[in-house]
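The structure appears right after this line, and notes come after that.
Only heavy atoms go into these numbers, but all of them, side chains included; no hydrogens, no water, no symmetry mates. Remember, predicted model here, so these are calculated numbers, not experimental data.
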Amino acid sequence: MAASSRAQVLDLYRAMLRESKHFSAYNYRTYAIRRIRDAFRENKNVQDPVEIQTLVNKAKRDLGMIRRQLGSNMLCDYCSAHPWLAA
């Protein structure tokens, strides 16, 4: 794996773990962290540059999904703390 690809993969891995630690529900948080670690370990020996790029693109999509989920969770938490906004 090229050095730039390795750095990109490590940045994605760290970002996904960092974002997942913000899930307020323990079960969601531990599941997300476990799945991220398992997926990266499973693919750590991939050598094909095309497959690496495919996996990087998938990880970017998944990171976006995590961020969107966290954003909606924060909105729900805010609305439940301020019920007059939900009406």
Side-chain angles (χ1 to χ4, degrees):
M1 182 184 317
S4 63
S5 293
R6 181 176 171 77
Q8 184 181 25
V9 169
L10 287 174
D11 286 344
L12 268 171
Y13 177 71
R14 289 181 187 126
M16 291 178 81
L17 287 178
R18 190 177 322 111
E19 292 294 327
S20 294
K21 289 179 181 179
H22 291 107
F23 279 117
S24 58
Y26 174 80
N27 288 338
Y28 286 148
R29 186 173 53 248
T30 56
Y31 175 76
I33 291 169
R34 186 177 68 243
R35 281 293 300 132
I36 291 164
R37 287 182 177 151
D38 290 349
F40 276 81
R41 282 184 188 138
E42 180 181 320
N43 294 307
K44 74 179 183 178
N45 295 320
V46 174
Q47 298 294 322
D48 180 26
V50 174
E51 189 174 353
I52 290 171
Q53 192 57 47
T54 302
L55 291 167
V56 165
N57 291 338
K58 182 183 180 314
K60 286 180 181 179
R61 283 193 312 270
D62 291 347
L63 178 58
M65 192 171 18
I66 290 168
R67 287 180 173 156
R68 283 190 302 276
Q69 185 64 40
L70 286 170
S72 65
N73 282 349
M74 285 191 293
L75 180 62
C76 289
D77 291 344
Y78 185 79
C79 287
S80 65
H82 302 91
W84 60 88
L85 294 175

Give every donor-acceptor pair under 3.5 Å between a side-chain atom in residues 50-62 and any protein atom, sequence neighbours left out.
{"from": "Gln53", "atom 1": "NE2", "to": "Asn57", "atom 2": "OD1", "distance (Å)": "3.2"}
{"from": "Thr54", "atom 1": "OG1", "to": "Val50", "atom 2": "O", "distance (Å)": "2.9"}
{"from": "Asn57", "atom 1": "ND2", "to": "Gln53", "atom 2": "O", "distance (Å)": "3.3"}
{"from": "Lys58", "atom 1": "NZ", "to": "Asp62", "atom 2": "OD2", "distance (Å)": "2.9"}

Could I get the full list of side-chain contact (heavy atoms from CB on, under 4.5 Å) partners for Asn45, not counting sequence neighbours? none
Could you list the residues that satisfy side-chain contact (heavy atoms from CB on, under 4.5 Å) with Ala15, not counting sequence neighbours? Arg18, Leu63, Arg67
Considering only residues two or more places apart or on different chains, which pairs with a residue in residues 41-71 satisfy ring pair (Phe, Tyr, Trp, His ring centres under 6.0 Å)? none
For residues 37-68, which residue pairs qualify under ring pair (Phe, Tyr, Trp, His ring centres under 6.0 Å), counting only residues two or more places apart or in two chains? Tyr13-Phe40
Find the distance between [atom1] ([X]) and [atom2] ([Y]) and round it off to the nearest 0.5 Å.
X     : Y     : atom1 : atom2 : value
Ile36 : Tyr31 : CD1   : OH    : 10.5 Å
His22 : Leu70 : NE2   : CG    : 7.5 Å
Leu10 : Arg14 : CG    : CZ    : 5.0 Å

Are Tyr28 and Met65 linked, directly or through other ILVMFWY residues, by side chains that come within less than 4.5 angstrom of each other? no
All pairs passing salt bridge (Lys or Arg N to Asp or Glu O under 4.0 Å) where residues 22-41 contributes a residue, at least two apart: none
Less than 4.5 Å apart, side chain to side chain, heavy atoms only: is that true for Val9 and Asn43? no
Counting C-beta onward and ignoring hydrogens, is there a side-chain heavy-atom pair between Phe23 and Thr30 closer than 4.5 Å? no
